[in-house]
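Have a look at the structure below before the remarks.
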Amino acid sequence: MIKLKRTVKIPLIIVASLIGLIVLLAVIAPPIAKWYVEKHSKEICNRVVTMDKFKANIFTGRAKIIGFNSLEENDKDVFLTFDTLSVKINLFKLISKEVRINEIRLINPNVPILQNGPKFNFSDIINHFKRDKPKDTTKSEWIVNLKNITLRNGNIIYEDLQRNSHFGLKELGLFIPGLYFGPENSNMGVHLKFDDGGDLGVQLTYSIEEKSFNLNVDLKQFSIASVQPYAQEFLNINKLDGRLYTQLHAKGNTEHIAEMVIDGNVMLKNVDIDNIHNENMAQLKTLQVVIDTIDLKNNSFTFDTIKVDGLHVNFAQNAEYNTFSNLVKSKEERTKEQQDKNSTKETDTETASDDTTTVDSEQKTPVTFLVKNLALVNSDIEYSNNTMKRPLSLPVKDINITSKNFNLKNTSIVDLKATLPTTGTLMAHWEGLLDGWKSHKLRLRIANFDMKQISPICEHYMAYPVTAGIFAFNTNANVSNGQLDTKNEIDIHGCRVDKKMQDIKPEFNIPLRAGLFVLSDRNDDIKFDLPIKGDITSPEFSLKKLIFKALGTFLVKIATGPIDLLANAFGLTPDDFADISYQVFDMDFSSSQYTQLNKMAEAMKVNESLSLVIGNQVNLDQSIQELSLFSVKRDYYFSKHPDKNMQNMEASDFEAIKNIKNTDKDFTNYLNERSQLSNGNIYEKAAAVYPRELMENMAKKSNEHKIATLKKFFYETHGFNAEKISFEDTDFTSTNSKNTFSFTVNYTPSDSEIDAGKE
């Protein structure tokens with residue numbers, strides 16, 4: 001056995017004692033610390049705290065709390081709980097003045113956050129640790145690095161007691177590979193779900209030293225009903241529903257947050273809004289916003305796409321209010337509702353004052369706003385007016401609005417299409433600058449509008465009910481420096497108004513019935529121009545008054561002139577139904593012929609007592625000669641244009657063939673070479689080129705095609721039946737110089753029509 005010298009033995013005993021003491025402290029320190037914290041927690045953090053276990057290992061630098069529970073200030077309700085908090089620190093780095101925590105792991109935390117005005121359920125803890133000493137701005141020599149920060153399965157319940165707002169965040173996950181307080185970049189990833197659906201993912205890179213950040217946010221199916229209480233601070237609404245999706249990227253500096261740059265996209269789906277009267281204001285299928293760049297420093301807002309799909313707006317005008325009345329709360333309303341927040345307004349005002357200075361300086365940079373693709377599609381407006389003698393309902397459907405490069409600096413162009421009841425169409429084209437009333441141009445066209453739809457307006461303002469009529473309207477409006485100058489073309493067909501209503505006192509005394517009687521021509525058309533001018537910037541400007549003033553002046557002036565009594569006898573004239581002549585080789589009816597056919601169709605629609613019989617007279621011999629000559633010209637044309645044939649012949653080719661003159665020397669030489677006749681006129685020579693049976697069949701097929709075109713026009717396009725529009729058998733024995741369609745009108749007037757005619 002080796003005996004140690006006294007000089008060696010004593011140090012060994014001391015070292016062993018120290019080690020034993022350290023081990024003893026390592027064993028007994030955690031229970032003591034747990035006992036001390038639980039006993040004095042109220043003094044330490046103003047809360048009662050309990051723990052199931054507290055473990056610490058001074059050799060590995062790991063500390064762990066298991067089963068943590070903290071109560072609210074009232075010592076009854078639960079404030080914070082978690083299953084496990086584990087922290088591992090590198091003790092040896094403390095020697096070099098570096099706090100390096102290699103792991104922070106928090107499992108299953110549950111935190112209720114309650115807000116009552118400016119006060120939170122943790123405000124007492126903050127106040128407990130407040131110090132009146134001035135903040136130490138001296139840069140610390142210590143370095144702090146945090147790594148592997150993990151939070152799993154977190155649950156946060158937020159309630160705003162004053163606004164009755166509730167947010168539930170569940171399955172909260174957080175992972176930070178490194179959080180550095182030096183030159184290195186810190187990374188953070190957060191993911192959570194909302195208790196009413198939807199989830200949120202956040203990725204953040206941040207440099208504490210440079211104060212720069214790079215943020216990515218991915219939000220899916222967030223319920224905007226959650227923000228309804230906050231929206232109600234500014235809007236008078238009772239319902240706000242829908243889902244929000246975002247994928248945004250932002251980068252900037254926390255010291256200059258107003259210089260942040262953003263890109264990405266935002267989408268709203270299935271939005272539904274009710275006003276304070278529980279009336280539905282609007283519904284929206286989707287709103288898509290694709291952000292190219294939002295540069296706050298340079299006041300630049302550039303969007304690739306803003307697209308609204310399936311917007312439905314209800315606008316009802318009532319006696320005391322309309323659907324959108326008082327939608328935005330006034331400043332006085334907001335102040336009254338938020339009187340309990342006055343204690344925080346002084347601080348807010350000071351902050352706002354500083355911000356205002358910054359904004360004022362930034363406003364020197366002009367705002368750049370650009371939407372490359374702006375669209376509103378598949379939308380409609382349900383307009384109703386309940387203030388008139390008889391309620392008006394006027395739905396505008398299939399609204400489509402498009403614009404390319406919509407901006408603030410240069411001229412923007414917007415095109416609009418919509419459907420009016422019941423068969424009407426609306427088209428508009430606007431060009432202008434979005435800087436007030438400097439420059440605007442508008443072209444608007446309304447076509448095929450059923451005037452019975454606006455009878456309540458006519459009754460209210462002029463006491464005449466509208467019983468029939470098709471309305472078309474063209475306007476060219478220009479606004480320059482606030483001065484409105486419009487040229488309006490009005491085209492009305494078959495307009496009928498009933499006797500003036502004696503129980504209504506109209507707002508405008510206009511001789512409408514007499515005016516219509518005079519204005520209607522022999523075709524039962526009313527066409528006139530109605531110029532309207534005015535100063536839009538004037539506080540007394542009223543477009544309604546300008547329109548009725550111009551209309552009244554016009555009708556009174558016309559009513560004092562000559563009257564064509566025949567024009568209004570039956571709403572029809574022989575000229576409307578004159579024969580339509582055609583050549584056998586014509587491919588279709590001309591525009592003027594279609595105009596006449598449209599007038600017939602409109603007249604037949606207006607008066608149910610009318611029926612139309614269409615006859616067809618064909619000079620077959622003449623048709624064969626004309627068709628033969630056309631066929632020879634066609635063959636001659638193809639010989640001059642080898643790339644052309646029957647299969648690829650276009651309308652321009654057809655016109656070119658028709659325009660070949662009978663006296664053209666090259667053509668007559670070509671005809672003489674092909675014809676079997678040496679004598680005779682040009683038609684006889686052409687007829688000898690082809691067999692008569694072939695030309696006769698072609699002539700009859702051409703005629704059948706035109707009859708089929710007419711049937712399609714009346715039966716399919718205008719929706720008539722065979723009782724309303726009928727066809728006689730074709731007469732191929734006609735000796736007329738031209739082939740014709742004849743139109744015979746059968747008319748059986750109703751009692752009401754007879755009375756109206758007598759008046």
Side-chain angles (χ1 to χ4, degrees), residues 404 415 579-598 614 616-717 727 729-742:
K404 297 287 187 181
D415 290 297
D579 292 348
I580 290 180
S581 301
Y582 63 94
Q583 292 177 296
V584 65
F585 51 79
D586 286 339
M587 297 177 65
D588 199 354
F589 296 100
S590 67
S591 296
S592 61
Q593 289 171 339
Y594 268 120
T595 299
Q596 182 178 341
L597 290 170
N598 275 311
I614 301 176
N616 184 206
Q617 296 80 40
V618 175
N619 187 328
L620 188 58
D621 291 336
Q622 181 175 302
S623 295
I624 290 174
Q625 289 185 347
E626 291 176 349
L627 186 58
S628 298
L629 180 61
F630 179 83
S631 299
V632 175
K633 288 182 178 180
R634 179 198 63 205
D635 294 342
Y636 168 72
Y637 180 81
F638 289 161
S639 71
K640 296 293 185 179
H641 300 84
D643 57 324
K644 296 292 184 178
N645 53 55
M646 289 292 293
Q647 285 70 35
N648 64 5
M649 189 170 68
E650 299 176 350
S652 58
D653 300 319
F654 181 84
E655 290 300 319
I657 294 170
K658 284 180 61 177
N659 291 330
I660 295 175
K661 295 182 179 180
N662 295 345
T663 57
D664 187 293
K665 184 177 292 187
D666 290 338
F667 167 69
T668 56
N669 290 336
Y670 176 85
L671 174 61
N672 290 331
E673 291 176 1
R674 294 197 59 186
S675 178
Q676 299 175 5
L677 292 180
S678 56
N679 298 318
N681 61 38
I682 194 169
Y683 290 98
E684 292 171 343
K685 289 182 179 181
V689 175
Y690 306 97
R692 177 181 173 85
E693 183 179 356
L694 174 64
M695 291 293 101
E696 183 176 332
N697 288 335
M698 289 180 63
K700 289 183 177 180
K701 286 183 179 180
S702 175
N703 198 71
E704 290 172 1
H705 172 71
K706 291 179 178 61
I707 294 174
T709 301
L710 281 177
K711 288 183 176 180
K712 182 178 180 180
F713 174 83
F714 283 107
Y715 294 162
E716 296 182 18
T717 303
F727 288 80
D729 294 334
T730 303
D731 178 14
F732 288 103
T733 64
S734 174
T735 58
N736 294 334
S737 60
K738 293 183 179 180
N739 300 333
T740 59
F741 284 105
S742 60

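Throughout, residue positions are numbered sequentially from 1 according to the sequence presented. Hydrogens, waters and symmetry mates are skipped; everything else that's a heavy atom, side chains included, is used.
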Q: Could you check if a side-chain atom of Phe638 sits within less than 4.5 angstrom of a side-chain atom of Met649, using non-hydrogen atoms only?
A: yes
(Q) Distance check, rounded to the nearest 0.5 Å: Thr733 atom OG1 versus Asp731 atom CG? (A) 3.5 Å
**Q.** Value rounded to 0.5 Å, distance of CZ in Phe667 from NZ in Lys640
**A.** 12.0 Å
**Q.** Test salt bridge (Lys or Arg N to Asp or Glu O under 4.0 Å) applied to Asp653 - qualifying residues, sequence neighbours left out
**A.** Lys644
Q: Spell out, as yes or no, whether a donor-acceptor pair under 3.5 Å connects the side chain of His641 to the backbone of Tyr637.
A: yes
Q. At their closest point, which heavy atom of Ile580 faces which heavy atom of Gln593, and how far apart are they?
A. CG2-NE2, 3.4 Å
Q: Determine whether Thr663 and Ile682 make a side-chain contact, defined as any pair of heavy atoms from C-beta on separated by less than 4.5 Å.
A: no
Q: Keeping the roles fixed (side chain from Glu716, backbone from Phe713), state whether a donor-acceptor pair exists under 3.5 Å.
A: no
Q: With sequence neighbours excluded, tell me which residues meet side chain to side chain donor-acceptor pair (under 3.5 Å) with Gln625.
A: none
Q. Is there a donor-acceptor contact under 3.5 Å from the side chain of Asn598 to the main chain of Tyr594?
A. yes
(Q) So Thr735 and Gln622, do their side chains get closer than 4.5 Å, heavy atoms only? (A) no
Q | From Leu710, Thr730, Leu597, Val618, residue fulfilling side-chain contact (heavy atoms from CB on, under 4.5 Å) relative to Phe741 | A | Leu710
Q) Any idea which heavy atoms bring Ala699 and Leu620 closest together, and the distance? A) CB-CD1, 4.4 Å
Q | Asn736: partners by side chain to side chain donor-acceptor pair (under 3.5 Å), with sequence neighbours left out | A | Ser734
(Q) With a 3.5 Å distance limit and no angle check, can you tell me whether Ser675 reaches the backbone of Leu677 through a side-chain donor-acceptor pair? (A) yes
Q.
Counting only heavy atoms from other residues, nucleotides and ligands, does the tally under 6.0 Å from CG of Asn659 exceed 12?
A. yes
(Q) Surrounding CG of Asp643 (heavy atoms of other residues, nucleotides or ligands, distance under 6.0 Å), is the total greater than 12? (A) yes
Q. Strictly by modelled atom types, are Asn619 and Asn739 linked by a side-chain donor-acceptor pair under 3.5 Å?
A. no
Under 3.5 Å, sequence neighbours excluded: what are the donor-acceptor pairs made by side chains of residues 687-698?
| unit_1 | atom_1 | unit_2 | atom_2 | d |
| --- | --- | --- | --- | --- |
| Tyr690 | OH | Ser631 | O | 3.3 |
| Tyr690 | OH | Val632 | N | 3.4 |
| Tyr690 | OH | Asp635 | OD2 | 2.6 |
| Arg692 | NH2 | Asp621 | OD1 | 2.8 |
| Glu696 | OE2 | Lys700 | NZ | 3.3 |
| Asn697 | ND2 | Glu693 | O | 3.3 |

Q: Could you tell me which residues satisfy side chain to side chain donor-acceptor pair (under 3.5 Å) with Lys712, sequence neighbours excluded, listed by chain and number?
A: none
Q. Centroid-to-centroid, Phe654 to Phe630, below 6.0 Å?
A. yes
Q: Using a 4.5 Å cut-off on heavy atoms from C-beta on, say whether the side chain of Lys738 contacts that of Gln583.
A: no
Q | CG-CG distance between Leu671 and Leu629, expressed to the nearest 0.5 angstrom | A | 7.5 Å
Q. So is Lys706 actually on top of Phe589's ring, under 6.0 Å and inside 45° of the axis?
A. no
Q.
Given 3.5 Å as the limit, does a donor-acceptor pair link the side chain of Ser628 with the main chain of Ile624, or not?
A. yes
Q) Under the salt bridge (Lys or Arg N to Asp or Glu O under 4.0 Å) test, which residues partner Lys658, sequence neighbours left out? A) Asp586
Q) Taking Asn648 for the side chain and Asn645 for the main chain, is one N or O donor matched with an acceptor at less than 3.5 Å? A) yes
Q | Flag, side chain of Ser702 to backbone of Val584, donor-acceptor distance under 3.5 Å | A | yes
Q) Rounded to the nearest 0.5 Å, how far does CZ of Arg634 lie from CG of Leu627? A) 8.0 Å
Q. Checking Thr668 side chain against Lys665 main chain: does a donor-acceptor pair fall under 3.5 Å?
A. yes
Q. Do Asn616 and Phe727 come close enough that some side-chain heavy atom pair is under 4.5 Å?
A. no
Q: Spell out, as yes or no, whether a donor-acceptor pair under 3.5 Å connects the side chain of Glu626 to the backbone of Tyr683.
A: no
Q) Side chains of Thr740 and Ser742: donor-acceptor distance under 3.5 Å anywhere? A) no
Q: For Tyr582 and Asn703, test the side chains for any donor-to-acceptor distance below 3.5 angstrom and give the result as yes or no.
A: yes
